[in-house]
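Everything numeric in this text was worked out from a predicted model, so none of it was measured. The analysis underlying the following values was restricted to heavy atoms, covering all of them including side chains, and did not include hydrogens, waters or symmetry mates.
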Amino acid sequence: MQKVGDRLNRRQDSQTPLLRGAGLYLGVAFELPGTIIGGLVLGYFLDRYFGTSPWLLLTLTVIAFIGAFVRLVRWVKFFRPGADGSVGEENDTAH
């Protein structure tokens with residue numbers, strides 16, 4: 001068991017590998033579109049506030065797409081199988 005703060009982390013041991021994997025994949029599924037939607041919404045409201053339509057919307061949407069792509073690449077590296085067949089960053093020794 002890992003220690004979290006001053007107490008032992010019992011949650012990780014009680015979760016099945018399927019449940020942990022599903023949580024990771026759901027995180028990816030919500031993080032990538034959430035980044036893009038966040039850029040769209042923020043750009044829209046900033047354009048309305050500053051009266052610069054559509055420039056901030058377009059700029060922040062492009063930045064959000066780039067950020068989502070960078071994050072996708074990091075997720076792919078995270079899920080890449082290690083040399084021993086396991087998955088995760090624990091086996092990634094080259095940074």
Side-chain angles (χ1 to χ4, degrees):
M1 255 187 259
Q2 277 185 318
K3 210 168 180 187
V4 177
D6 292 332
R7 56 185 164 55
L8 294 175
N9 184 8
R10 290 189 178 93
R11 172 186 260 179
Q12 187 175 13
D13 291 338
S14 67
Q15 293 176 344
T16 64
L18 177 67
L19 189 58
R20 273 192 299 247
L24 285 172
Y25 290 122
L26 280 172
V28 173
F30 285 109
E31 182 178 350
L32 298 177
T35 303
I36 297 167
I37 291 170
L40 281 166
V41 170
L42 185 63
Y44 174 77
F45 284 114
L46 286 175
D47 268 339
R48 287 183 56 122
Y49 182 76
F50 292 117
T52 58
S53 184
W55 300 111
L56 288 175
L57 174 72
L58 293 173
T59 304
L60 291 178
T61 303
V62 168
I63 291 170
F65 266 103
I66 292 169
F69 182 75
V70 167
R71 192 65 184 140
L72 177 64
V73 170
R74 288 185 182 169
W75 276 112
V76 167
K77 286 181 182 179
F78 177 81
F79 286 117
R80 184 181 60 218
D84 62 354
S86 60
V87 176
E89 289 181 344
E90 296 86 22
N91 299 321
D92 190 15
T93 57
H95 291 303

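Residue Leu19 holds its CG atom at 10.0 Å from CG of Leu24, rounded to the nearest 0.5 Å.
Around the CZ atom of Arg71, the shell of radius 6.0 Å holds more than 12 heavy atoms that belong to other residues, nucleotides or ligands.
When hydrophobic clusters are built by joining Ile, Leu, Val, Met, Phe, Trp and Tyr residues whose side-chain heavy atoms come closer than 4.5 Å, directly or via intermediates, Tyr49 is not grouped with Val41. A continuous path of hydrophobic side-chain contacts links Tyr44 to Ile37 [ILVMFWY only; heavy atoms under 4.5 Å]. Tracing side-chain contacts under 4.5 Å through hydrophobic residues (I, L, V, M, F, W, Y), one reaches Leu72 starting from Tyr25; they form part of the same cluster. By the criterion of side-chain heavy atoms lying less than 4.5 angstrom apart, applied directly or through intervening Ile, Leu, Val, Met, Phe, Trp or Tyr residues, Phe65 is not grouped with Val76; the two fall into different hydrophobic clusters.
In this structure Leu58 satisfies the side chain to side chain contact (heavy atoms under 4.5 Å, CB included) test together with Pro54, Trp55, sequence neighbours excluded. For Ala64, the side chain to side chain contact (heavy atoms under 4.5 Å, CB included) partners are Thr35, not counting sequence neighbours.
In this structure, Leu60 and Leu40 have side chains that are not in contact, with every pair of non-hydrogen atoms separated by 4.5 Å or more. Counting only heavy atoms from C-beta outward, the side chains of Leu56 and Phe45 never approach each other to under 4.5 Å.
Taking the six-membered ring where tryptophan is involved, the planes of Phe78 and Trp75 are perpendicular, since the angle between them exceeds 60° and thus also 30°.
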